[in-house]
Amino acid sequence: MTDCRIAPSILSADFARLGAEVENVLASGADMIHFDVMDNHFVPNLTFGAPVCKALRNYGVTATIDVHLMVDPVDRLIGDFLDAGADIITFHPEASAHIDRSLSLIKEGGAKAGLVFNPATPLAYLDYVMDKIDMVLIMSVNPGFGGQSFIPTALDKLRDARARIDASGRDIWLEVDGGVKVDNIKEIAAAGADTFVAGSAIFNHRRDDDPNGYDSVVRDLKAEAAKA
Ligand SMILES: O=C(CO)[C@H](O)[C@H](O)COP(=O)(O)O
Ligand SMILES: [Fe+2]
């Protein structure tokens, strides 16, 4: 495979040391930061909002911040995240009454836009908005929690999404989120993903003998993906 981006999900980071965790994982070779926003309504869990994204920017984080909105409704928070410095904003189509409008809000604000597909949500939501999409995010767990197991049917869905992206001729990233580990990333990459969210696989595998704590696991994820 050519592209391979590792996007650590800070959901599994030590929140009390968030700035240092983000700094360390980027210094370990991660390509971007995946920022999971949960509202205890669209998903049964609560995390953090735009002020935390802004705080990371103020701390000095310049890397791409990939905001995964698991919130309903979506539109009111888009402006907050644009102001907070988000580079990519993705949302679940079920959570927006006007998907085309939500995508336009993100794009007009200067960020990349994407749709996120739960395991049982059909890719048909892409049909009439492909020209506004910069990223397709395939959930390989039901959203709400880190540390869940990869749902194998996501592989077929990745292949389907890859075919749609290639047919579009556009530069659209195909991201996968949930249960990505060193021992399954090769198969996931072979199914067409180029951007890999990994939360527990990274933050639960800190090594004190690595210069930045996460060097070994980021290197192993990339090396396995490259075998696809
Ligand atoms: O969106 C998410 C959960 O809803 C997270 O990004 C995802 O679960 C990452 O965690 P892990 O790699 O541990 O599965
Ligand atoms: Fe996520």
Side-chain angles (χ1 to χ4, degrees), residues 4-15 18 21-22 25 28 30-50 52-53 56 63-72 74 77 81 86-95 106 111-121 134-155 157-158 161 173-189 193-206 214 217-218 220-222 224-225:
C4 169
R5 288 169 286 265
I6 301 294
S9 161
I10 58 169
L11 189 57
S12 294
D14 178 353
F15 291 168
L18 189 58
E21 287 272 75
V22 166
V25 83
S28 293
D31 299 282
M32 53 204 261
I33 293 298
H34 184 77
F35 194 98
D36 287 305
V37 183
M38 303 184 185
D39 66 350
N40 191 37
H41 172 66
F42 184 70
V43 290
N45 199 0
L46 184 67
T47 57
F48 32 68
V52 176
C53 183
L56 289 176
T64 297
I65 297 183
D66 165 33
V67 173
H68 173 192
L69 292 179
M70 288 163 273
V71 304
D72 181 2
V74 169
L77 288 186
F81 276 97
D87 299 290
I88 304 170
I89 301 177
T90 62
F91 64 89
H92 291 250
E94 303 93 327
I106 297 169
K112 293 187 174 187
L115 289 181
V116 192
F117 294 87
N118 281 339
T121 301
D134 301 295
M135 180 187 274
V136 174
L137 172 46
I138 302 297
M139 292 306 301
S140 38
V141 297
N142 287 296
F145 304 94
Q148 302 182 78
S149 297
F150 186 89
I151 297 174
T153 52
L155 293 172
K157 204 166 187 183
L158 283 166
W173 293 2
L174 179 53
E175 186 171 48
V176 59
D177 186 2
V180 176
K181 310 282 181 204
V182 172
D183 65 9
N184 64 10
I185 193 169
K186 179 181 159 191
E187 191 181 12
I188 297 167
D194 54 33
T195 306
F196 305 86
V197 177
S200 51
I202 292 179
F203 288 106
N204 294 359
H205 291 86
R206 187 187 160 79
Y214 301 107
V217 64
V218 172
D220 291 351
L221 285 165
K222 288 193 173 191
E224 282 301 309

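In listed order, ligands and their atoms are each counted from 1. This structure is a prediction, so every number in the text was calculated from the model and none was measured. Start at 1 with the first residue, then count along the sequence.
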Going by atom types alone, do Lys157 and Ser140 pair a side-chain donor with an acceptor below 3.5 Å? no
Spatial distance of atom CZ (Phe91) from atom CZ (Phe42) [nearest 0.5 Å]: 10.5 Å
Can you list the protein N, O or S atoms less than 2.8 Å from the Fe ion (ligand 2)? His34 NE2, Asp36 OD1, His68 ND1, Asp177 OD2
Is it true that, when you exclude Glu187 itself, more than 12 heavy atoms of the residues, nucleotides or ligands shown sit nearer than 6.0 Å to its CD? no
Write 'none' if nothing qualifies; otherwise put on separate lines each N/O atom of ligand 1 with a protein N/O atom under 3.5 Å away and their distance to 0.1 Å.
residue	atom	partner	partner atom	Å
ligand 1	1 (O)	Asp36	OD1	2.9
ligand 1	1 (O)	His68	ND1	3.2
ligand 1	1 (O)	Asp177	OD2	2.9
ligand 1	4 (O)	Gly144	N	2.8
ligand 1	6 (O)	His34	NE2	3.4
ligand 1	6 (O)	Asp36	OD1	3.1
ligand 1	6 (O)	Asp36	OD2	2.8
ligand 1	6 (O)	Asp177	OD1	2.7
ligand 1	6 (O)	Asp177	OD2	3.0
ligand 1	8 (O)	Phe145	O	3.2
ligand 1	12 (O)	Gly199	N	2.8
ligand 1	13 (O)	Gly147	N	2.8
ligand 1	13 (O)	Ser200	N	3.0
ligand 1	13 (O)	Ser200	OG	2.6
ligand 1	14 (O)	Gly179	N	2.9

Any pair with a residue in residues 134-150 that passes salt bridge (Lys or Arg N to Asp or Glu O under 4.0 Å), sequence neighbours left out, goes on the list, sorted by first then second residue, please. Lys107-Asp134
Counting heavy atoms not belonging to Lys181, are there more than 12 under 6.0 Å from its NZ? yes
For Ile10 versus Phe203, what's the shortest heavy-atom pair and its separation? CA-CE1, 4.0 Å
Cation over ring face, Arg206 and Tyr214, 6.0 Å, 45°: yes
Atom pairs and distances, donor-acceptor, side-chain atoms in residues 64-71, under 3.5 Å, two or more places apart:
residue	atom	partner	partner atom	Å
Asp66	OD2	His34	ND1	2.8
His68	ND1	His34	NE2	3.4
His68	ND1	Asp36	OD1	3.0
His68	ND1	Asp177	OD2	3.2
His68	NE2	His92	NE2	2.9

May I ask you to say whether Arg5 pairs ionically with Asp194, meaning some side-chain N is under 4.0 Å from a carboxylate O? yes
